[in-house]
Amino acid sequence: QKEVEQNSGPLSVPEGAIASLNCTYSDRGSQSFFWYRQYSGKSPELIMFIYSNGDKEDGRFTAQLNKASQYVSLLIRDSQPSDSATYLCAATTGGFKTIFGAGTRLFVKA
Amino acid sequence: DAGVIQSPRHEVTEMGQEVTLRCKPISGHNSLFWYRQTMMRGLELLIYFNNNVPIDDSGMPEDRFSAKMPNASFSTLKIQPSEPRDSAVYFCASSSQRGGRVQPQHFGDGTRLSIL
């Protein structure tokens, strides 16, 4: 069973701090990785995607990928209360099939 | 541009009834995915289509579930007969796959299904 694992949290950080969200995946053949944000009662919204080892930055968000360790992370700089949500990590496994983690709940305290 | 459109947004029905969920993908997208989300099991892929052809339906829980994509702009997920354990939020997502890297999926607003 191919899996994507995330700490369910909640992860609580003060406003302005860096939030670090982590994810591991079991399929060594996974090539594409995604982070989605999901507010309560809403649908998942794409935040970042990354294909290559290393870092990818977009505004306050940085995605990090380490294929040797099968590890993906998302850093949120200058965290805001509006960043409070559940963050879903996803990895492809065979064709276009995408497996989602259970999500990490993030709380940013004002 | 219009995103993925799902209907209905909410559905409440009695056990044993047929339920049909509908999805219109983003125009130009050629892959469509149906997911089910519950607190206990998270977001589960049920089935996905590429160029209107079902590619992987291994996530469909039972024969009571069926999905079709008669054309590039419409898909249905049907449950017959429905059971209380089918209660969940059902999401449809679409993406544009043209070979090479797998592209991100874009989700609709979901259908919140309650089976009494």
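So you know, we letter chains A, B, ... as the sequences are listed, proteins then strands, and number each from 1.
Connection of A:Ile76 to A:Leu46 is not established within any shared hydrophobic cluster, with ILVMFWY side chains joined at heavy-atom distances below 4.5 Å, either directly or through further cluster members. Note on A:Phe100: it clusters hydrophobically with A:Phe49, by side-chain heavy-atom contacts below 4.5 Å among ILVMFWY residues. Linking ILVMFWY side-chain heavy atoms closer than 4.5 Å, directly or via other members, places A:Val108 and A:Trp35 in a single hydrophobic cluster. By the criterion of side-chain heavy atoms lying less than 4.5 angstrom apart, applied directly or through intervening Ile, Leu, Val, Met, Phe, Trp or Tyr residues, B:Ile26 is not grouped with A:Phe34; the two fall into different hydrophobic clusters. Residues B:Leu21 and B:Met60 share a single hydrophobic cluster, defined by chaining ILVMFWY side chains whose heavy atoms lie under 4.5 Å apart.
Both the backbone and the side chain of A:Tyr51 have a heavy atom closer than 4.5 Å to some heavy atom of chain B. In this structure, chain B has a heavy atom under 4.5 Å from the backbone of A:Lys42, while its side chain stays farther away. Looking at B:Ser58, the atoms closer than 4.5 Å to chain A (heavy atoms on both sides) all sit in the side chain, from C-beta outward. Interface remark: B:Arg41 contributes no atoms to any contact with chain A (heavy atom separation under 4.5 Å). Contacts of A:Glu45 with chain B are absent, with no heavy-atom separation under 4.5 Å from either backbone or side chain. Of the atoms belonging to B:Asp109, heavy atoms from both backbone and side chain fall under 4.5 Å from chain A.
Atom CG of B:Asp63 has 12 or fewer heavy atoms from other residues, nucleotides or ligands within 6.0 Å. Heavy atoms of other residues, nucleotides or ligands lying less than 6.0 angstrom from CD of B:Glu14 number 12 at most. Crowding of B:Arg64 atom CZ: a count of heavy atoms from other residues, nucleotides or ligands under 6.0 Å exceeding 12. Atom NZ of B:Lys78 has 12 or fewer neighbouring heavy atoms from other residues, nucleotides or ligands inside a 6.0 Å radius.
When atom types are taken as modelled, the side chain of A:Tyr36 and the backbone of B:Gln105 share a donor-acceptor pair closer than 3.5 angstrom. For the pair A:Ser43 (side chain) and B:Gly108 (backbone), a donor-acceptor distance under 3.5 Å is present.
Distance check, rounded to the nearest 0.5 Å: CD of B:Gln37 to CG of A:Leu88 gives 7.0 Å. We find the CZ-CD distance between B:Phe107 and A:Gln38 to be 8.0 Å, quoted to the nearest 0.5 Å. Rounding to the nearest 0.5 Å places OH of B:Tyr48 at 8.0 Å from OG1 of A:Thr98. Interatomic distance, CG of B:Leu43 versus OG1 of A:Thr86, reported as 11.5 Å (0.5 Å rounding).
Counting heavy atoms from C-beta outward, B:Val102 and A:Gln31 have side chains that stay 4.5 Å or more apart. With contacts defined as side-chain heavy-atom distances shorter than 4.5 Å, the pair A:Ser32/B:Gln103 does not qualify.
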